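Below: one structure, written as structure tokens.
Predicted, not measured: the structure shown is a model, and the values here were computed from it.
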Amino acid sequence: MPRARFTDHLILILGCVVMIGPVALVLSAGFSTDAMAPLVADAPHRPSLWQMLGTSLAIAVGVAVLKTAVSFLAAFALSVFRVPYTSALMALLLLPLFLPIESRLLPTILVTDALGLLNTYTGLILPVVATGLGTLILRAQFKQMPPEILEAARLDGAGPMRAMVDIYLPLSLPSIAALLAFFFVLGWNQYLWPLVASPSVPDRATVVSGLALMRIGSPPSLALAAVAMLPPLVVFIIAQRWIVRGLAPVRD
């Protein structure tokens with residue numbers, strides 16, 4: 001093997017070790033018997049592991065489904081219909097992506113409280129649903145679709161809703177699957193918002209926010225961190241083929 005090629009492979013191997021090493025250490029230490037036993041046992045000062053898993057799963061699934069549905073409908077409307085000031089609307093949708101979460105936390109809490117959604121699953125999910133990233137990705141894909149497809153549907157008497165269900169939805173399934181996986185991980189990794197949105201219901205902590213209830217570096221915290229890593233890893237391993245297809249450009 002040439003020296004340059006050997007050096008390239010060595011750098012890649014070292015990079016993989018640096019990236020995967022800490023994750024492997026946490027998984028090996030977290031799933032030991034000494035680490036899992038205190039976490040599974042009932043404790044009066046923190047929710048059980050099953051409660052945290054249930055809350056995390058409810059938030060992750062709710063965020064993934066609602067975010068993807070809203071993104072698909074918004075992208076379809078902005079691509080097919082003649083909406084005035086489309087560029088300005090897209091800029092407003094993308095603006096929150098450039099603002100840190102801390103700058104939006106106080107107004108979000110005030111609005112959620114005014115709607116009576118604090119300490120509820122609805123209040124944990126709905127404020128996270130608003131996003132422009134999914135709309136941007138799907139709208140870019142819809143814009144690359146040949147306009148003859150929609151014209152043919154109109155000639156066959158199909159209205160916008162029929163075209164959306166029969167044409168745009170099947171053609172965008174890879175992108176939808178990719179967004180579902182991405183938004184699932186986004187909802188699963190929620191840390192700050194569950195802590196402030198359920199101040200009166202400590203049992204509604206997520207797996208990630210539950211780390212704040214434990215001593216960092218203790219065996220139970222390592223076990224909880226290991227549990228928190230598994231669902232995102234499994235989702236991305238299962239959906240990696242769809243993610244690659246969903247992010248690839250549409251070809252005629």
Got a list of side-chain donor-acceptor pairs under 3.5 Å for residues 119-129, not counting sequence neighbours?
unit_1	atom_1	unit_2	atom_2	d
Asn119	OD1	Ser200	N	3.0
Thr120	OG1	Leu117	O	2.5
Thr120	OG1	Gly123	N	3.0

Does a side-chain heavy-atom distance below 4.5 Å link [X] with [Y]?
X	Y	value
Trp193	Val196	yes
Phe72	Phe142	yes
Thr55	Pro194	no
Met52	Val207	yes
Phe182	Lys67	no

Query - salt bridge (Lys or Arg N to Asp or Glu O under 4.0 Å) partners for Arg104, two or more places apart - result: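 Salt bridge (Lys or Arg N to Asp or Glu O under 4.0 Å) list for Arg104, sorted by chain: empty.
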
Please determine whether residues [X] and [Y] belong to a single hydrophobic cluster, defined as Ile, Leu, Val, Met, Phe, Trp and Tyr linked transitively by side-chain heavy-atom distances below 4.5 Å.
X	Y	value
Leu171	Met161	yes
Val235	Ile238	no
Leu169	Ile167	yes

Rounded distance [0.5 Å steps], [atom1] in [X] versus [atom2] in [Y]:
X	Y	atom1	atom2	answer
Ser175	Leu138	OG	CG	6.0 Å
Ser172	Met164	OG	CE	10.0 Å
Trp50	Leu57	CH2	CG	12.0 Å

Report task. Without swapping roles, check the side chain of Gln141 against the backbone of Ile137 for a donor-acceptor pair under 3.5 Å. Result ->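 Checking the backbone N and O of Ile137 against the side chain of Gln141, no donor-acceptor pair under 3.5 Å is found.
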
Query - Asp113 (side chain) donor-acceptor with Ile109 (main chain) under 3.5 angstrom - result: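 Not at all, since once roles are kept as given, no pair shorter than 3.5 Å links the two residues.
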
Query raised in the report: Hey, do the aromatic rings of Phe236 and Phe184 have their centres closer than 6.0 Å?
Result: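 Centroid separation for Phe236 and Phe184: 6.0 Å or greater.
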
Minimal non-hydrogen separation, [X] against [Y], with atom names:
X	Y	result
Val208	Tyr191	O-CD1, 3.5 Å
Ala228	Pro231	O-CD, 3.9 Å
Leu180	Ala64	CD2-O, 3.4 Å

Report task. Would you tell me whether Ser71 and Thr68 have side-chain atoms, one donor and one acceptor, within less than 3.5 Å of each other? Result ->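 Not at all, the side chains of Ser71 and Thr68 share no donor-acceptor pair under 3.5 Å.
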
Report, one line per pair, each donor and acceptor closer than 3.5 Å where one atom sits in a side chain of residues 74-101; sequence neighbours left out.
unit_1	atom_1	unit_2	atom_2	d
Ser79	OG	Ala75	O	2.7
Thr86	OG1	Val83	O	2.6

